[in-house]
Amino acid sequence: QVQLVESGGGLVQAGGSLRLSCAASVRTFSRYTMGWFRQAPGKEREFVAVISRSGGSTYYADSVKGRFTISRDNAKNMVYLQMNSLKPEDTAVYYCAAPPLIVTGLPTRRYEYDYWGQGTQVTVSS
């Protein structure tokens, strides 16, 4: 079982930056691919970024490519999302998530993930 807790959300002006953190309570963190999703009011939860077990491979949604960076520190059981050049359309609840251990590649679909954090609110003002 994987427990995930996000932090670092808040209110920021357009063009600003935030770094989200996700702490994982699991003994074998380095075996898990990790992802970030977000959900705006009235919209479905959407993929943001994913990182491989070693941190050597990443993939991003087109909407955040070039602005967001996902990273991880396996020694600390942490995954991060550095968000730069924030836009009002980035406003959402952000969730970290983990797929099953057997997953291959870099999953981008909600249904490919089994474990979810509680979410942290990011609000970008214009």
Side-chain angles (χ1 to χ4, degrees):
Q1 191 172 39
V2 180
Q3 297 178 80
L4 305 171
V5 180
E6 304 94 335
S7 62
L11 176 64
V12 65
Q13 189 173 320
S17 299
L18 281 175
R19 189 179 78 153
L20 306 183
S21 300
C22 176
S25 296
V26 60
R27 302 290 293 274
T28 55
F29 178 68
S30 63
R31 299 182 186 177
Y32 287 88
T33 299
M34 297 294 299
W36 285 96
F37 287 73
R38 66 187 183 185
Q39 187 167 25
K43 298 181 65 177
E44 292 190 345
R45 196 167 299 185
E46 66 176 356
F47 168 78
V48 175
V50 61
I51 189 167
S52 63
R53 295 169 176 84
S54 67
S57 298
T58 59
Y59 185 76
Y60 300 89
D62 287 343
S63 58
V64 307
K65 202 167 298 181
R67 300 187 298 120
F68 291 11
T69 303
I70 187 172
S71 61
R72 67 191 296 161
D73 186 340
N74 287 344
K76 296 181 178 179
N77 281 25
M78 297 287 290
V79 60
Y80 307 97
L81 186 68
Q82 178 66 47
M83 305 185 295
N84 299 326
S85 302
L86 283 162
K87 306 174 181 180
E89 50 262 47
D90 295 319
T91 295
V93 177
Y94 283 71
Y95 300 87
C96 63
L101 287 173
I102 60 172
V103 73
T104 58
L106 299 177
T108 62
R109 296 292 191 151
R110 187 172 60 254
Y111 64 78
E112 297 181 281
Y113 288 78
D114 283 354
Y115 309 103
W116 298 86
Q118 85 290 343
T120 186
Q121 176 71 48
V122 172
T123 303
V124 184
S125 62
S126 60

What pair of heavy atoms forms the shortest contact from [X] to [Y], and how long is it?
{"X": "S30", "Y": "N74", "answer": "CB-ND2, 3.5 Å"}
{"X": "S85", "Y": "S17", "answer": "N-OG, 4.3 Å"}
{"X": "I51", "Y": "T33", "answer": "O-CG2, 3.2 Å"}
{"X": "Y60", "Y": "T69", "answer": "OH-CA, 3.3 Å"}
{"X": "P100", "Y": "D114", "answer": "CG-OD2, 3.0 Å"}
{"X": "G56", "Y": "S52", "answer": "N-OG, 3.2 Å"}

Spacing of [atom1] belonging to [X] relative to [atom2] belonging to [Y], to within rounding of 0.5 Å:
{"X": "Y59", "Y": "L106", "atom1": "OH", "atom2": "CG", "value": "9.5 Å"}
{"X": "Q1", "Y": "Q3", "atom1": "CD", "atom2": "CD", "value": "5.5 Å"}
{"X": "Q13", "Y": "T123", "atom1": "CD", "atom2": "OG1", "value": "13.5 Å"}
{"X": "S71", "Y": "Q82", "atom1": "OG", "atom2": "CD", "value": "8.0 Å"}

Both conditions, 6.0 Å and 45 degrees, for the charged tip of R110 above the ring of F37: are they met here?
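Negative - R110 is either too far from the ring of F37 or too far off its axis.
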Does R72 make a cation-pi contact with F29, if we ask for NZ or CZ under 6.0 Å from the ring centre and within 45° of the axis?
yes
Give the ring-plane orientation class for Y94 versus F68, where under 30° counts as parallel, over 60° as perpendicular and anything between as tilted.
tilted
Minimum side-chain heavy-atom gap [X]-[Y] below 4.5 Å:
{"X": "Y32", "Y": "L101", "answer": "yes"}
{"X": "M83", "Y": "D90", "answer": "no"}
{"X": "T91", "Y": "Q121", "answer": "yes"}
{"X": "R38", "Y": "S63", "answer": "yes"}
{"X": "L4", "Y": "Y95", "answer": "no"}
{"X": "S7", "Y": "T120", "answer": "no"}
{"X": "R45", "Y": "W116", "answer": "yes"}
{"X": "V50", "Y": "P107", "answer": "yes"}

Share the residues that join Y111 in a hydrophobic cluster, the rule being Ile, Leu, Val, Met, Phe, Trp or Tyr side chains under 4.5 Å apart at the heavy-atom level.
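Noted: Y111 shares its cluster with no other residue.
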Output yes when K65 and D62 qualify as a salt bridge under the 4.0 Å nitrogen-oxygen rule, no when they do not.
yes
Donor-acceptor pair, E6 side chain versus G119 backbone, under 3.5 Å?
yes
Would a distance-only check, ignoring hydrogens and angles, find a side-chain to backbone donor-acceptor pair under 3.5 Å from N77 to V26?
yes
Between [X] and [Y], is there a shared hydrophobic cluster once you connect ILVMFWY residues whose side-chain heavy atoms come closer than 4.5 Å?
{"X": "V122", "Y": "Y80", "result": "no"}
{"X": "V2", "Y": "M34", "result": "yes"}
{"X": "W36", "Y": "Y113", "result": "no"}

